[in-house]
Every structure is written in structure tokens, then in C-alpha cells.
There are 2 protein chains.
Amino acid sequence: MDTTNTAGRRVTLADVARMAGVSKQTASRVVNGSAQVTDETRARVLQCIEVLGFRPSTLARQLTAGRSLTLGVVNNTAVGHLMCGDAYVGMVRQADGMGYALLNKEMSDFSRASVDAMLGQMLERQVDGIILAGPEIGNSHDWLDDYPLDDLPMPLVAINARPRAGVDVVGFDNFLAGQNATRHLLSLQRRRIGHLSGPNNRWVAQRRIEGWQAALDEAGLPECKAYCVEGSWEAESGGPGLQRLLELCPDLDAVFVSSDRMALGVLMEAQRLGIDVPGTLAVMGIDNDPQSAFFTPPLTTMTQDTPRMAEVALRQLVRRICDRHGEPYPAGCAQEESSMLTHRLIVRQSTLGDVAN
Amino acid sequence: MDTTNTAGRRVTLADVARMAGVSKQTASRVVNGSAQVTDETRARVLQCIEVLGFRPSTLARQLTAGRSLTLGVVNNTAVGHLMCGDAYVGMVRQADGMGYALLNKEMSDFSRASVDAMLGQMLERQVDGIILAGPEIGNSHDWLDDYPLDDLPMPLVAINARPRAGVDVVGFDNFLAGQNATRHLLSLQRRRIGHLSGPNNRWVAQRRIEGWQAALDEAGLPECKAYCVEGSWEAESGGPGLQRLLELCPDLDAVFVSSDRMALGVLMEAQRLGIDVPGTLAVMGIDNDPQSAFFTPPLTTMTQDTPRMAEVALRQLVRRICDRHGEPYPAGCAQEESSMLTHRLIVRQSTLGDVAN
DNA sequence: CTGAAAGCGCTTACAG
DNA sequence: CTGAAAGCGCTTACAG
């Protein structure tokens with residue numbers, strides 16, 4: 001795979017054409033699989049490509065096509081940010097499969113200046129589309145409301161963000177997740193169900209709170225809505241969170257915790273206080289961390305298919321790109337698909353004591 | 001930030017030049033901060049740039065410069081692969097700071113065909129350098145031995161890989177980590193120290209085993225080297241791992257576990273068996289997962305500065321790129337730096353019962 | 001079916 | 001200090 005010719009330069013289409021005794025144009029036709037070439041010519045060109053080890057320059061192609069085949073991915077650098085592990089792998093895989101590269105950008109603030117700088121970079125690299133992948137924290141995404149998105153030369157898809165007019169959003173139904181988690185606890189005859197939430201400025205956390213509240217209203221237990229404490233997502237906030245919940249409601253019989261990590265802190269604190277889980281207190285999380293099956297006791301939780309979400313978001317973006325260029329959707333993302341994904345309940349001992357998981 | 005002119009085309013350097021009444025060349029000089037321009041001319045051009053919202057096309061620049069300002073990052077798609085969370089953020093941040101974009105590639109096998117395909121993509125996109133970021137699993141990196149790396153038009157840096165002639169490697173000293181972990185247990189008067197390792201085909205796991213063995217030899221306890229069981233890195237393998245270690249040595253008094261996740265499984269199993277930790281059995285992990293301070297009991301572990309490793313690897317790669325082009329190193333990576341990073345011990349209750357952590 | 005020309009948006013020598 | 005020309009490696013019309 002030596003792709004430099006004897007002069008040490010990159011092997012170019014002109015080299016292939018010269019060697020095959022055809023024009024660059026014909027060589028180009030062969031490379032791109034155009035039918036308008038004699039089998040004999042094609043064979044000769046292909047052989048020269050093989051011999052020379054020719055690789056078309058994506059750069060040059062990008063310049064003529066006016067498309068970079070690159071997608072911008074904007075993260076919100078924050079504790080527990082989304083683009084880790086599973087989501088990242090899902091996104092890379094989907095992009096790779098469609099011939100796109102990913103340009104990652106980490107942002108810690110979304111001030112006017114930062115947003116302009118980010119978009120500037122995206123424009124300079126001429127990305128074909130942008131994924132706003134980082135979680136929405138406080139007003140981090142508010143620039144979407146003001147910004148003339150239609151003036152951007154590329155479409156944008158946001159992940160797990162507050163719905164906004166004119167913005168494509170893909171994500172999980174966190175309202176439903178909170179509601180179904182609470183319904184699970186209700187089905188176990190729990191009647192004093194508290195909630196340890198993520199930071200209140202997180203859109204995701206907010207929706208889970210609202211789902212929990214809706215389920216309480218449904219069950220005729222609106223008084224429980226007072227038993228809500230704000231955590232940090234992290235294990236550290238689980239212990240203090242449980243303490244405060246018990247102050248609010250000393251005979252709490254269940255707590256829906258907005259992350260498995262915080263639930264771990266809750267379980268440790270319960271153990272320290274001598275509270276029987278799930279006998280006295282049922283505890284459930286959300287996330288399905290790989291470790292949560294090994295907590296003491298194993299944790300009931302809700303799982304989300306994060307790689308799938310990343311893939312759906314990417315496919316959505318590619319469809320919007322095609323829309324702009326008036327092109328048909330490529331194979332693999334031919335169909336519009338639902339942009340609202342759902343969690344799945346996983347029941348373990350922390351809510352059901354007699355289950356052997 | 002509307003970067004299209006009235007005709008809907010991208011605003012180009014030619015547009016700026018025309019408006020300013022200068023040549024493209026002069027406009028280019030202003031954009032690139034060349035000193036060879038009158039202040040008056042410069043001011044006029046800068047204003048036109050501002051008014052038109054001109055953004056130089058990185059694509060065009062790349063084509064003329066013959067550099068893509070893009071770095072390839074190759075991952076080994078496998079459980080617990082490296083490019084998650086911290087390492088990912090560190091890499092993106094460092095790349096961004098130096099003006100490089102990252103092209104990610106996930107690979108699940110490293111057959112001749114797959115490697116050729118990967119390198120083909122890297123060549124097509126003309127990446128300026130490659131980071132082999134995924135962990136070395138079994139013989140996944142053996143292609144480095146055969147491949148004529150010098151023929152590649154770009155340098156390559158491998159992370160946490162087996163040392164090889166002619167390959168730059170950046171990573172942690174896992175031998176020392178295993179040795180120091182074991183020395184910690186020895187310092188607590190433990191004398192029957194077992195090891196639950198990662199999968200044996202992992203280079204990282206191997207080195208930790210060797211470090212553990214070295215410390216045992218040092219302490220005159222070579223017989224302990226028989227107490228070694230292979231795990232999967234995951235919590236699931238902790239319980240069975242402890243059981244088998246106890247079969248090998250019923251009065252085991254300490255176990256060095258090669259990941260915090262497996263250590264969690266060990267702690268759960270110890271609790272189930274009624275084994276007092278750390279009274280009867282000291283347990284320590286390695287990784288410093290955020291949760292490990294909240295295990296029962298809190299886990300002694302070793303931490304590694306993963307973002308720093310990613311940054312060091314990236315800077316190393318950029319220096320090699322500069323070497324090839326005969327350029328001076330840019331600010332921020334002017335100095336060669338050690339490519340062998342070390343872990344740091346974090347002592348918690350799972351080895352020291354009376355510590356209040 | 002094949003080719004000569006012009007162009008994508010910039011930069012690098014080379015002149016003045 | 002400034003500009004006209006040629007070129008980076010490909011592709012898109014337009015001819016034949």
C-alpha cells in the first residue's frame with residue numbers, strides 16, 4: 001500500500017490516466033463506477049489503479065462536490081456528558097457506515113461568543129450537518145431560539161433537548177420513563193414515593209420529575225410531590241439525598257432515583273442507617289449501569305438504548321442533508337423513524353425482595 | 001453569520017478581494033496575518049471580511065497545503081474500550097487546541113483486510129497522523145510488526161500497546177501499577193495475596209500480573225503466584241473469581257483485582273459468604289471508577305490520569321508529524337515528554353478498616 | 001464511449 | 001508592498 005509514486009508524491013488520478021493512456025475524465029469515470037466506459041478500457045484503468053496503489057483524495061472530491069462528508073458533533077463538557085461509551089460508539093459506527101467522518105467539538109459554555117466560534121469552525125470545515133449531542137443544561141441551548149438557523153448552510157439535529165420550533169430533536173421520553181418508574185413502585189403497593197432528581201437545570205431531570213409527578217397524580221397521591229430532593233447525578237449526592245428525603249417524609253416507603261450512580265449512594269446510606277431495602281424502602285434507579293446488578297442489593301432500574309439513539313439522530317441528520325440537496329435518502333436511512341425513544345424497566349431485588357436475579 | 005453571498009454561494013476570498021479592490025493574493029496575506037501589507041490595505045480587507053462574513057475554506061487550504069489537519073483515531077471495539085469518557089474528552093480537547101480534527105474509526109478485528117481498509121480510509125482522507133487508541137487484545141496489534149510503517153505517508157502512535165521496534169507507544173506503566181498495588185497489600189502484613197486479572201490476552205492485564213508477581217518475589221512469597229484467576233474486567237466475573245481463588249488458597253488474606261468493576265463483584269461475593277472485608281480479606285482494585293468510593297466497603301484502588309494520557313499521545317503524534325515535515329514543534333507541544341505514565345494509590349476501607357473515607 | 005476545458009477556493013513561488 | 005499565473009486533485013458540464 002505504498003501510495004506515493006517514485007517521485008515521492010501522492011499518486012494522482014493524472015498518474016493513472018497517463019499510465020492507462022486515457023484522459024483524467026475517463027479514469028474518473030472508472031473510479032466512480034460510471035457505466036459509460038468500455039469493459040476493456042475499464043479493465044486497463046483498474047489495473048493501473050491497482051498497480052499504482054491509487055487512492056482518490058477525499059479532499060479534492062470534497063472541494064469540487066462542495067460537501068465535506070463530515071458531520072459536526074457538539075458536546076457539552078460536563079459531568080456525565082452523553083458522548084461517552086455507548087453513544088459514542090453508536091455514532092461513529094453509523095457515520096462510518098454512511099461514509100461520513102465526525103468532527104467533535106467540546107464546549108463548556110454556550111455564550112454568544114462560544115456559539116459563534118463553534119459555528120465558525122463548522123463553517124470553515126464545511127461540515128454537512130451538525131449534531132448537538134451534549135445534554136441541555138440550564139439555558140445552554142437557548143441560542144437555538146434566537147439564532148437564524150435557516151441561514152446556516154447545514155441542518156442541525158439536537159439530542160435530548162427541549163422541543164423548539166424549527167429544531168429537529170431526537171431523544172428519550174424521560175417523562176414516560178419517570179412515569180413508568182413510579183408506576184412500578186405503585187404496583188408494589190408503595191404509597192409514599194420520594195424522588196431524588198438530577199440537577200434541576202437539566203432538561204432530562206426535569207422531565208423525569210414531571211413524569212414522577214404525573215404518576216403520583218394518577219394514583220391520587222399528590223401529597224408525595226413534596227418529597228423531591230435535588231441531587232448531582234453522582235454517587236456522592238445519594239446519601240445526603242436520602243437523609244433529606246427522610247426528613248421530608250420519615251416513613252418513606254420508596255424512592256425513585258434519577259441515576260443508578262445516585263442510587264448506589266442511597267443504598268449505602270440505607271445500609272448505614274439500618275434501613276431494610278426493599279423491605280422498608282424500595283429503591284430504583286435509571287440508566288442500567290453495568291455495575292448496578294451488583295449493588296447491595298441489586299438495583300431495579302430502567303435501561304435506554306443509547307447507541308440506537310445516537311444512530312437514529314445521525315440518520316435523521318443525513319435525511320435533512322439530503323432534503324437540502326434534493327437527493328434521495330441513501331440505503332440504511334430511507335425511512336423516517338420515530339425520534340422519541342423509550343426506556344425499558346429492569347426489575348431486580350431493590351424493589352422486589354424475593355426475586356433471584 | 002450568514003456566509004453566503006446574495007447569490008447563495010459561499011463567500012470566497014475572491015469576493016473579499018473584489019470588494020476591497022485588491023488581488024486574491026493580498027486578501028490571502030491579510031487572512032494569514034502576513035506582515036507584507038500596508039496597514040491601510042489590511043484595514044480595508046479586514047472590513048470586507050467582516051462585512052461579507054468571510055470564512056476561509058479549510059478544505060481548499062488542506063488541498064494546497066497537502067495537509068488535512070485531521071488525525072485518525074483507531075479504536076478496538078470491545079468491552080471496556082479506551083476511548084470512552086475521560087480519554088475521549090482529553091483527546092478532543094487537545095486536538096481542538098492545536099487546530100486538528102479527529103477522524104474516528106472503530107475496528108472489531110485487525111485482519112489484514114480490515115487493517116488495509118482502515119489505512120485506505122486514512123489515506124483517502126489524508127490524515128496527517130494516526131493514533132492507535134484501542135487496547136491491544138491478543139494479537140490485534142501484530143500487524144504493526146509486519147507492516148512497512150515507514151512507507152505510510154503519516155506517523156503512527158499507539159496507546160497502551162506492547163513495545164515494538166519502530167512504533168511510538170504512549171501509555172501507563174501497568175507493571176509498576178501491579179507491583180505497587182501488591183506492595184501496598186504487603187505493607188499491611190498480608191501474606192497470601194491472590195490476583196483476579198483481566199482477560200489474559202490483554203497486554204494491560206498481562207503487565208499487571210507480572211508486576212504482582214514481581215512484588216511477590218521481592219517479598220519472598222513466590223508460592224502466591226499460584227493464586228491467579230482470570231476475569232473478564234466486568235463485575236460478573238468477580239464472584240466466580242473469588243470462589244476460585246478461595247479454592248486455590250482457602251486462607252487467602254488479600255486479593256488484588258485488576259479492575260474496580262470486578263472488585264465490586266468480589267465484594268458482593270465476600271459479603272454473601274460472610275467474609276469480613278478487610279478484616280479477613282483485603283480487597284483492592286484499579287481504575288478508580290467514580291462509584292468505587294461508595295462500594296461496601298469503599299474500595300482501595302489505583303487511579304490513572306486518562307485524559308492526560310490521551311493528551312500526551314496526541315502531542316507525541318503532532319511532534320512526529322512536524323518531524324516529517326521538518327517543522328518546529330508548535331507551542332503547547334514544544335517539549336518531548338515521558339511516554340510512560342504512572343498510577344497513584346488511593347487507600348480506602350477495603351484494605352484499611354479503620355480509615356474514615 | 002471518450003476527451004479538452006474550466007472550475008472548486010485557496011496558496012506558493014515568481015515578478016514587479 | 002502588491003499582483004498575475006500556475007497548481008493542489010478531482011469533477012462537472014460541454015463537445016465530439
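Residue numbers begin at 1 in each chain, while the letters A, B, ... track the order of the sequences.
Within the shown strands, nothing qualifies as a pairing partner of C:dA4 under the Watson-Crick or G-U definition with both distances less than 3.5 Å. For D:dA13, there is no paired nucleotide, since no Watson-Crick or G-U wobble pair has both relevant distances below 3.5 Å.
Within the structure, a side-chain polar atom (N or O) of B:S28 is placed less than 4.0 Å from OP1 or OP2 of C:dT11. Distances shown here put a side-chain N or O of B:T38 below 4.0 Å from the OP1 or OP2 atom of D:dT2. Under 4.0 angstrom from either OP1 or OP2 of D:dG9 there lies no side-chain N or O belonging to A:R10. Note on B:R61: a side-chain N or O is less than 4.0 Å away from OP1 or OP2 of C:dT11. A close approach under 4.0 Å does not occur between any side-chain nitrogen or oxygen of B:T41 and OP1 or OP2 of D:dC1. Contact check, B:T12 against C:dC10: a side-chain N or O comes under 4.0 Å of OP1 or OP2. Residue A:S23 places at least one side-chain N or O under 4.0 Å from the OP1 or OP2 atom of C:dG3.
Note: CZ (B:R125) to P (D:dC10) measures 15 Å, nearest angstrom. If you take CZ of B:R42 and P of D:dC1, they are 9 Å apart, rounded to a whole angstrom. Rounding to whole angstrom units, CG of residue B:D15 and C1' of C:dG7 are separated by 14 Å. When rounded to the nearest whole Å, the span between CG of A:L59 and P of C:dC10 equals 14 Å. Atom CZ in B:R29 sits about 13 Å away from atom P in C:dA13, given to the nearest Å. In this entry the distance linking CG of B:L52 with P of C:dG9 reads 14 Å, nearest Å.
A:D142 and A:R162 are not joined by a salt bridge, as no carboxylate oxygen comes within less than 4.0 angstrom of a charged side-chain nitrogen. By the 4.0 Å N-to-carboxylate-O rule, B:D96 lies too far from B:R93 to be salt-bridged with it.
Considering only side-chain atoms of B:A60, the nucleotide from D:dC10, C:dC10, D:dA4 that sits closest is C:dC10. Comparing D:dC8, C:dC10, D:dT12 by their closest approach to the side chain of B:P56 singles out C:dC10. Considering only side-chain atoms of A:T64, the nucleotide from D:dC10, C:dC10, C:dG3 that sits closest is D:dC10. Here the nucleotide nearest the side chain of B:T26, chosen from C:dT2, D:dT2, C:dT11, is D:dT2. Taking the side chain of A:L13 as heavy atoms from C-beta on, and the options D:dC10, C:dT12, C:dC10, the nearest nucleotide is D:dC10.
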Decide yes or no on side chain to side chain donor-acceptor pair (under 3.5 Å) for A:R319 and A:Q316, but give the supporting numbers first.
CA-CA 5 Å; A:R319 281 190 290 267; A:Q316 179 85 347; 3.1 Å; yes
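The two residues B:R10 and B:R55 have their closest heavy-atom pair at NH2-O, 3.2 Å. When every heavy atom of B:R125 is checked against every heavy atom of A:T70, the shortest pair comes out as NH1-OG1, 3.1 Å.
Between A:K24 and A:E40, the residue whose closest nucleotide on DNA chain C is further toward the 5' end is A:E40. A residue-by-residue look at B:G21 and B:L63 shows that B:G21 has its nearest nucleotide of DNA chain D further toward the 5' end.
For A:R55 and D:dG9, a side-chain-to-base donor-acceptor distance below 3.5 Å is absent, hydrogens and geometry of angles not being considered.
Between A:V312 and A:R308 there is a side-chain heavy-atom pair separated by less than 4.5 Å.
Among the atoms of the strands shown, none is found under 4.0 Å from any heavy atom of B:V31.
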